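Below is one structure, written out as structure tokens; the observations come after it.
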Amino acid sequence: MSLKRTEIAKILANPTIGETVLVKGWVRAFRSNRFIALNDGSNFGTIQVVVDFENFDEDIIKKIGFHAAIAVTGELVESQGKGQSLEIIAKEIEILGECNLDDYPLQPKAQTMEFLRSNLHFRMRTQTMSAVFRIRHGVAFAVHQFFNDNGFNYIHTPIITGNDAEGAGEIFHVSTFGANEAPLTEDGKVDWSKDFFGTKTNLTVSGQLQGEIAAMALGKIYTFGPTFRAENSNTSRHLSEFWMIEPEMAFADINDDQNLAEDFCKYLIQYILDNYQPELQFLDQRIAKLEKNMKAELRRPMGLIDTLNFVVENDFERITYTEAIRLLQGSKPYKKKRFEFPVEWGEDLAAEHERWLVEKKFKKPVIVIDYPKQIKAFYMKMNDDDKTVAGMDVLFPGIGEVIGGSERETRMDVLKARMAEYDIPEEELEWYLDLRRFGSTPHSGFGLGFGRMVQFITGMGNIRDVIPFPRTPGNAEF
RNA sequence: GCUCCUUUAGCUCAGCUGGUUAGAGCGCCGGACUGUUAAUCCGUAGGUCCUAGGUUCAAGUCCUAGAAGGAGCGCCA
């Protein structure tokens with residue numbers, strides 16, 4: 001009977017010293033014509049294969065190169081060298097897939113993220129990307145675990161929707177009409193009633209409003225899916241297609257919302273600390289190397305793992321918008337006129353202001369609540385002062401806003417007035433108003449940018465490097 | 001959308017106030033090496049200097065336009 005392949009992770013977890021094993025994987029390094037570092041994706045690291053090259057065909061030895069796919073049959077033994085406890089003494093080696101290094105773009109050394117972005121189909125093979133995407137999976141898993149353990153139901157809200165009234169950004173239209181082929185109405189406008197769905201449709205910008213429908217029946221729900229914004233945003237924190245997590249809770253006010261947001265963030269980070277130490281250590285060292293030659297003020301105040309531990313172990317700072325403005329007006333950069341944008345009650349906080357609050361003043365995540373009504377969405381609950389709404393932003397060091405959420409407005413007259421202020425026709429959101437007409441109750445929720453959370457946990461500088469196939473203005477490769 | 005920066009070998013970069021055969025490190029390839037850990041040592045090859053115009057006796061270097069990439073800002077998650 002021929003030997004069955006064993007995954008490297010299983011060998012390392014439960015070694016059977018002295019037994020003959022078959023492993024298959026990709027070569028990460030081949031040193032001294034003798035030592036192969038082999039990775040098969042089952043774990044982050046490698047297993048060492050020792051080759052007595054005198055006993056092998058020269059043709060085979062030559063093909064054992066960087067990122068070649070090979071199969072090795074050999075004896076599992078305790079390693080004679082330092083740096084690993086186990087190794088496999090190769091008896092047979094089969095080349096499964098050669099990797100011609102004359103033409104292969106990747107090299108066995110550190111490469112820039114910009115270069116790797118131009119080779120998206122190869123970049124996951126690098127150690128950095130391997131660490132990032134393993135952690136990305138871990139965070140996604142932890143999202144479901146957290147909500148499941150806390151009694152939330154996962155709701156699939158639509159990706160294509162006729163909902164055009166959310167005001168969360170520019171939309172991508174969805175149509176089966178070809179360019180210049182759209183049928184027109186008598187007055188010369190495109191006749192959307194003849195389109196596939198019989199109405200004008202677009203890709204979703206948020207699942208929140210549909211999430212509220214579900215929360216009014218199931219109590220606690222969450223969505224976790226792709227969202228699309230056609231904004232011409234060119235930053236390291238924005239994607240045109242990104243994944244968002246949106247919990248919604250019935251019978252919950254803005255305080256419950258803040259508690260959920262804080263517990264949730266801490267849970268995700270703790271889960272990765274508990275389950276992805278090798279990956280985190282690699283990313284931590286990677287950042288340390290990158291920052292080695294940087295000026296002290298440009299470096300991170302703490303290492304990656306220390307930062308994650310710090311966030312988990314400390315309470316988030318919670319302040320009102322009004323308080324934030326007061327603090328900012330008393331700040332050194334304000335007095336020295338270093339801020340580019342005005343700090344005035346009624347003006348939205350700019351990135352420089354958020355950064356000062358998070359990185360200079362409190363040095364930890366900050367939740368800001370009770371924003372002026374004019375800078376927040378129509379569905380947020382109006383506070384008793386008639387000036388502010390029960391909205392919140394959760395601000396993280398380095399990446400700014402990770403969460404935006406609110407208690408929702410449930411009073412029919414107030415909601416209608418707010419919609420009028422935003423020129424949202426009532427007939428478009430009759431169903432949303434119905435939720436307030438029939439069995440309405442206070443409820444709250446938020447949206448967490450999944451990529452931003454992964455960015456924070458991995459310490460990656462650009463959100464394009466934490467999603468396999470980034471979609472940004474002018475780029476939709478693969 | 002706005003501002004700034006970058007584009008020279010496979011990769012990362014150097015190339016001064018324009019001057020004649022365009023450099024380095026790493027990688028690749030060839031060789032050496034029986035315990036390596038980003039292995040090490042020796043050697044070879046490798047370049048439309050992003051594109052198109054222009055200025056000049058002479059342009060990688062200066063000017064104009066365009067393209068691609070990056071950083072920051074705005075919008076947000």
Side-chain angles (χ1 to χ4, degrees), chain A residues 28-37 45-55 62 65-66 77 79-84 87 89 99-119 126-127 166-170 205-208 223-224 226-246 261 285-286 289 298 339-341 348-355 375-377 391 393-396 399-405 446-456 461-465 467 472-475:
Chain A
R28 283 265 178 84
F30 187 30
R31 291 182 283 267
S32 294
N33 246 4
R34 192 170 177 81
F35 303 102
I36 302 170
T46 56
I47 196 163
Q48 174 154 286
V49 174
V50 183
V51 184
D52 279 315
F53 59 85
E54 304 89 338
N55 303 334
K62 279 205 165 141
F66 184 58
V77 299
S79 178
Q80 296 171 37
K82 290 167 191 164
Q84 63 281 317
E87 60 193 20
I89 307 295
C99 186
N100 181 354
L101 297 173
D102 265 345
D103 303 321
Y104 188 55
L106 297 195
Q107 297 176 18
K109 63 166 189 174
Q111 311 208 74
T112 60
M113 289 300 124
E114 291 80 12
F115 173 71
L116 292 174
R117 262 174 238 153
S118 65
N119 289 279
T126 65
Q127 284 204 87
E166 290 162 45
E170 294 295 312
V205 294
S206 160
Q208 181 201 313
T223 74
F224 182 7
T227 43
F228 308 85
R229 302 212 180 150
E231 299 285 352
N232 192 6
S233 299
N234 295 290
T235 80
S236 55
R237 305 181 304 282
H238 288 85
L239 293 167
S240 311
E241 175 183 302
F242 65 101
W243 288 64
M244 187 153 63
I245 297 147
E246 295 176 286
Q285 284 162 20
R286 172 182 174 274
K289 273 183 212 161
L298 293 174
F339 285 136
E340 189 188 341
F341 293 91
D348 207 352
L349 299 179
E352 57 181 352
H353 308 138
E354 296 180 348
R355 189 153 283 166
I375 58 176
K376 288 291 178 187
D393 283 356
V394 180
L395 311 174
F396 265 45
I399 43 177
E401 187 178 342
V402 174
I403 286 177
F446 61 77
L448 178 141
F450 181 68
R452 289 188 184 174
M453 181 53 77
V454 177
Q455 213 186 333
F456 179 75
N462 194 313
I463 200 165
R464 292 167 210 188
D465 301 324
I467 190 165
T472 51
N475 198 334

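These figures come from a predicted structure and were not determined experimentally. Note on naming: letters A, B, ... go to the chains in the order of the sequence lines (proteins, then strands), and numbering restarts at 1 for each one.
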Mutual orientation of the aromatic rings belonging to F224(A) and F450(A) [parallel < 30°, tilted 30-60°, perpendicular > 60°]: tilted
Got a donor-acceptor contact below 3.5 angstrom from the E354(A) side chain to the L395(A) backbone? no
Consider the side chain of D348(A), meaning its heavy atoms from C-beta on, and name the nucleotide among C75(B), A77(B), U36(B) that approaches it most closely. C75(B)
Measure from the side chain of R237(A), starting at C-beta and using heavy atoms only, and say which of C75(B), C26(B), G70(B) lies closest. C75(B)
Base, sugar-phosphate, or nothing for F446(A), non-hydrogen atoms under 4.0 angstrom? nothing
As its Watson-Crick or G-U partner within any shown strand, both distances under 3.5 Å, A39(B) has none
So which one's nearest nucleotide on RNA chain B is more toward 5', Q80(A) or S240(A)? Q80(A)
Gap between atom CD1 of I467(A) and atom CG of N462(A) - 0.5 Å precision: 11.5 Å
Touch check for E241(A), heavy atoms < 4.0 angstrom, all strands: base, sugar-phosphate only, or nothing? nothing
Value rounded to 0.5 Å, distance of CZ in R28(A) from CD in Q48(A): 14.0 Å
Check every atom of U36(B), G70(B), G74(B) against the side chain of E114(A) and return the nucleotide holding the closest atom. G70(B)
If you round to the nearest 0.5 Å, how far is CZ of R464(A) from CD of Q455(A)? 10.5 Å
Considering only atom C1', compute the distance from G23(B) to U40(B) and round it to an integer number of Å. 25 Å
Categorize R28(A) for me: base, sugar-phosphate, or nothing, with a 4.0 angstrom heavy-atom threshold over every strand shown. nothing
Contact class for N462(A) (heavy atom, under 4.0 Å): base, sugar-phosphate, or nothing? sugar-phosphate
Phosphate OP1/OP2 of A71(B) contacted by T235(A) side-chain N/O (<4.0 Å): no
Stacking between F35(A) and G35(B), defined as ring centres under 5.5 angstrom apart with planes under 30°, is that present or not? no
U48(B) pairs with, by Watson-Crick or G-U criteria that keep both distances under 3.5 Å: none
Quiz question: going by heavy-atom distance under 3.5 Å, is there a donor-acceptor pair between the base of C75(B) and the side chain of S233(A)? yes
Under 4.0 Å, counting only non-hydrogen atoms across every strand here, what does A350(A) touch: a base, just sugar-phosphate, or nothing? sugar-phosphate
Give me the distance, rounded to whole Å, that separates C76(B) from G1(B) when you measure between the C1' atoms they each carry. 15 Å
Closest-nucleotide mapping onto RNA chain B: is F30(A) or F53(A) further toward the 5' terminus? I mean the 5' end. F53(A)
The side chain of E401(A) is closest to which nucleotide in this list: G1(B), C76(B), U36(B)? C76(B)
Measure from CD on Q107(A) to P on C26(B) and round the result to the nearest Å. 12 Å
What contact category does T112(A) fall into here, base, sugar-phosphate, or nothing, at under 4.0 angstrom with non-hydrogen atoms? sugar-phosphate
How is G81(A) classified with respect to the nucleic acid when contacts are heavy atoms under 4.0 Å: base, sugar-phosphate, or nothing? base
Distance check: side-chain N/O of R355(A) vs OP1/OP2 of C73(B), anything under 4.0 Å? yes
What about Q111(A): does its side chain form a donor-acceptor pair under 3.5 Å with the base of U12(B)? no
Is it the case that the side chain of R452(A) and the backbone of R237(A) share a donor-acceptor pair, with hydrogens and angles ignored and the cut-off at 3.5 Å? yes
Classify the side chain of R34(A) and the base of U34(B) as holding, or not holding, a donor-acceptor pair under 3.5 Å. yes
Under 4.0 Å between any heavy atoms, over every strand shown, what does D102(A) touch: base, sugar-phosphate, or nothing? Just pick one. sugar-phosphate
Answer with base, sugar-phosphate or nothing: what part of the nucleic acid does Q84(A) contact at a heavy-atom distance below 4.0 Å? base
Give none if C76(B) has no partner; otherwise give the nucleotide forming a Watson-Crick or G-U wobble pair with it, both distances under 3.5 Å. none
Using a cut-off of less than 4.0 Å, is there contact between a side-chain N or O of N33(A) and OP1 or OP2 of C33(B)? no
Go ahead and name the base partner of A67(B); Watson-Crick or wobble counts if both distances stay under 3.5 Å, otherwise write none. U7(B)
What's S79(A) touching, base or sugar-phosphate or nothing? Going by heavy atoms closer than 4.0 Å. base
Using a 4.0 Å heavy-atom cut-off across all strands, classify A110(A) as base, sugar-phosphate, or nothing. nothing
Answer with base, sugar-phosphate or nothing: what part of the nucleic acid does E340(A) contact at a heavy-atom distance below 4.0 Å? nothing
Can a donor-acceptor pair be found, under 3.5 Å and without considering hydrogens, that links the side chain of R229(A) to the backbone of V205(A)? yes
Check for a donor-acceptor pair, side chain of H353(A) on one end and backbone N or O of F341(A) on the other, with a separation under 3.5 Å. yes
Counting just side-chain N and O atoms, does R452(A) come under 4.0 Å of either OP1 or OP2 of C76(B)? no
Give one of base, sugar-phosphate or nothing for L239(A), where a contact means two heavy atoms less than 4.0 Å apart. base
Write down the distance separating the P atoms in U64(B) and G69(B), rounded off to the nearest Å. 23 Å
Name the nucleic acid region contacted by F115(A), choosing base, sugar-phosphate or nothing; use a 4.0 angstrom heavy-atom cut-off, strictly under. sugar-phosphate
Using a cut-off of strictly less than 4.0 Å, decide whether R31(A) has a side-chain nitrogen or oxygen near OP1 or OP2 of U36(B). no
Tell which nucleotide pairs with U12(B), taking only Watson-Crick or G-U wobble pairs whose two distances are both under 3.5 angstrom. A24(B)
